[in-house]
Engineer: 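A single structure is presented below for examination.
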Amino acid sequence: MRIISKNAVYSVLVVTIFAAVSIFGINTANAQNAPGVKVSANKKSYNPGESGVLTFNFKTGSKVKIPKDPEVVVNLSSGDLEGQGLQDYSGGDGDYISNSKVKYNFKVPDGAESGSTITVSGSVKFGYCSTSDGVCKIGNKDFTAKIKIK
């Protein structure tokens, strides 16, 4: 019968615990990081009273997707744009938003000053899911976008 030293047992135990903590830590970090959001206008400049579109592009990891449910919610907090709501993103296949993008319709105020720039700010609330382990969470990101007036 062979006797294993206490140092060998402790070494194996330490390596096993370190490996378990490392693997769990990596999965937890990936599941908890909310995607970034980039917001851009569909044109370089707008006339007063003109309608436009803000595109919300979610910057996700390789195994993270934006689900259609819960729905994406956009709140404008400044900028004097008239928000007209999200375009329908329910079509297509599956439970996830195509290309991780949604579009928000707006109208420039009729009295917007020619040559000015409107800084729009607000927040976007959305779900995001890890396709590797099925964990879903809610993200809420602030954004700003610049709208130039002709």
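In what follows, every heavy atom counts, from backbone to side chain, and hydrogens, waters and symmetry copies are set aside.
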Engineer: Which one of K150, K43, K107 satisfies the side chain to side chain donor-acceptor pair (under 3.5 Å) criterion with E50?
Structural biologist: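 That would be K43.
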
Engineer: Does CD belonging to Q84 count more than 12 external heavy atoms closer than 6.0 Å?
Structural biologist: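 Yes, the 6.0 Å shell around CD holds more than 12 heavy atoms from other groups.
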
Engineer: Is there a donor-acceptor pair under 3.5 Å between the side chain of T55 and the backbone N or O of K103?
Structural biologist: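 Checking the backbone N and O of K103 against the side chain of T55, no donor-acceptor pair under 3.5 Å is found.
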
Engineer: Has K63 got a side-chain atom pairing as donor or acceptor with D133's backbone, closer than 3.5 angstrom?
Structural biologist: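 Checking the backbone N and O of D133 against the side chain of K63, no donor-acceptor pair under 3.5 Å is found.
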
Engineer: Do P109 and E82 have side-chain heavy atoms sitting under 4.5 Å apart?
Structural biologist: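 Heavy-atom side-chain distance check fails, nothing below 4.5 Å.
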
Engineer: Hey, are the side chains of T131 and V64 touching, using non-hydrogen atoms and a 4.5 Å cut-off?
Structural biologist: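 SC-SC contact between T131 and V64 ruled out.
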
Engineer: Quick check: do V73 and V124 have side-chain heavy atoms less than 4.5 Å from each other?
Structural biologist: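 Counting from C-beta outward, V73 and V124 never come under 4.5 Å.
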
Engineer: Report yes if the side chains of F126 and V102 come closer than 4.5 Å at any heavy-atom pair, otherwise no.
Structural biologist: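 F126 vs V102: side chains apart.
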
Engineer: Show every disulfide bond (SG atoms under 2.5 Å apart) that has at least one partner inside residues 60-150, sequence neighbours left out.
Structural biologist: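 Pairs touching residues 60-150 that pass the test: C129-C136.
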
Engineer: Can you check side chain to side chain contact (heavy atoms under 4.5 Å, CB included) on L86 and V72, steps first, answer last?
Structural biologist: CA-CA 8 Å; L86 286 167; V72 175; 4.0 Å; yes

Engineer: Verify the cluster assignment for V74 and I66: are they in a single hydrophobic cluster under the rule of side-chain heavy atoms below 4.5 Å apart?
Structural biologist: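 Yes; tracing contacts between hydrophobic side chains, which count when under 4.5 Å, links both residues.
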
Engineer: For A112 and P48, work out which heavy atoms get closest and say how close.
Structural biologist: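 Nearest heavy atoms, A112 then P48: O-CG, 3.4 Å.
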
Engineer: If two hydrophobic side chains count as joined below 4.5 Å and joins carry through other members, does F58 share a cluster with Y96?
Structural biologist: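 No.
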
Engineer: Please report the shortest heavy-atom distance between D142 and S123, naming the atom on each side.
Structural biologist: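 Looking at all heavy atoms of both residues, the shortest contact is OD1-CB, 3.6 Å.
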
Engineer: Ignoring hydrogens and angles, state whether a donor on the side chain of K146 or T119 is under 3.5 Å from an acceptor on the partner side chain.
Structural biologist: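 Present: a donor and an acceptor within the cut-off.
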
Engineer: For I118 and L81, run side chain to side chain contact (heavy atoms under 4.5 Å, CB included): C-alpha distance rounded to whole Å, both residues' side-chain angles, the deciding distance at 0.1 Å, then the answer.
Structural biologist: CA-CA 8 Å; I118 297 174; L81 290 183; 4.3 Å; yes

Engineer: Kindly determine whether I147 and T117 satisfy side chain to side chain contact (heavy atoms under 4.5 Å, CB included), including the steps that lead there.
Structural biologist: CA-CA 6 Å; I147 307 295; T117 300; over 6 Å; no

Engineer: Main chain of S121, side chain of S77: is a donor-acceptor contact present, judged purely on distance under 3.5 Å?
Structural biologist: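 Flag set: sc S77 to bb S121 pair under 3.5 Å.
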
Engineer: Side-chain contact, heavy-atom cut-off 4.5 Å: V53 with Y104?
Structural biologist: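 V53 does not reach Y104 side chain to side chain.
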
Engineer: I'd like to know whether D95 forms a side chain to side chain contact (heavy atoms under 4.5 Å, CB included) with D69, so could you lay out the CA-CA distance, the side-chain angles of the two residues, the decisive distance to 0.1 Å, and finally the verdict.
Structural biologist: CA-CA 8 Å; D95 295 329; D69 185 29; over 6 Å; no

Engineer: Evaluate whether atom CG of N42 has more than 12 neighbouring non-hydrogen atoms of other residues, nucleotides or ligands under 6.0 angstrom away.
Structural biologist: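 Atom CG in N42 is packed in, count exceeds 12.
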
Engineer: Without swapping roles, check the side chain of D88 against the backbone of S90 for a donor-acceptor pair under 3.5 Å.
Structural biologist: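 Yes.
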
Engineer: T60 versus S100: any side-chain heavy-atom pair under 4.5 Å?
Structural biologist: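 The answer is yes; the side chains approach within 4.5 Å.
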
Engineer: Under 4.5 Å between any side-chain heavy atoms of Y89 and E71, yes or no?
Structural biologist: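 A side-chain contact exists here, since the closest heavy-atom pair is under 4.5 Å.
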
Engineer: Could you tell me whether Y46 and F106 have their ring centroids closer than 6.0 angstrom?
Structural biologist: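 Yes - the distance between ring centres of Y46 and F106 falls below the 6.0 Å cut-off.
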
Engineer: Could you tell me whether K125 atom NZ has more than 12 heavy atoms of other residues or ligands within 6.0 Å of it?
Structural biologist: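 Counting other residues, nucleotides and ligands, NZ of K125 stays at 12 neighbours or fewer.
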
Engineer: I want to check something: taking the side chain as every heavy atom from C-beta on, are I149 and V108 in contact at a cut-off of under 4.5 Å?
Structural biologist: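 Yes, at least one pair of side-chain atoms sits under 4.5 Å.
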
Engineer: I need the minimum non-hydrogen distance between G127 and I138, along with the two atoms involved.
Structural biologist: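 So the minimum-distance heavy-atom pair works out to CA-CD1, 4.2 Å.
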
Engineer: Could you pull out the closest heavy-atom pair between Y128 and N33, with the gap in Å?
Structural biologist: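 Of all heavy-atom pairs spanning Y128 and N33, the closest is CE1-O, 3.6 Å.
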
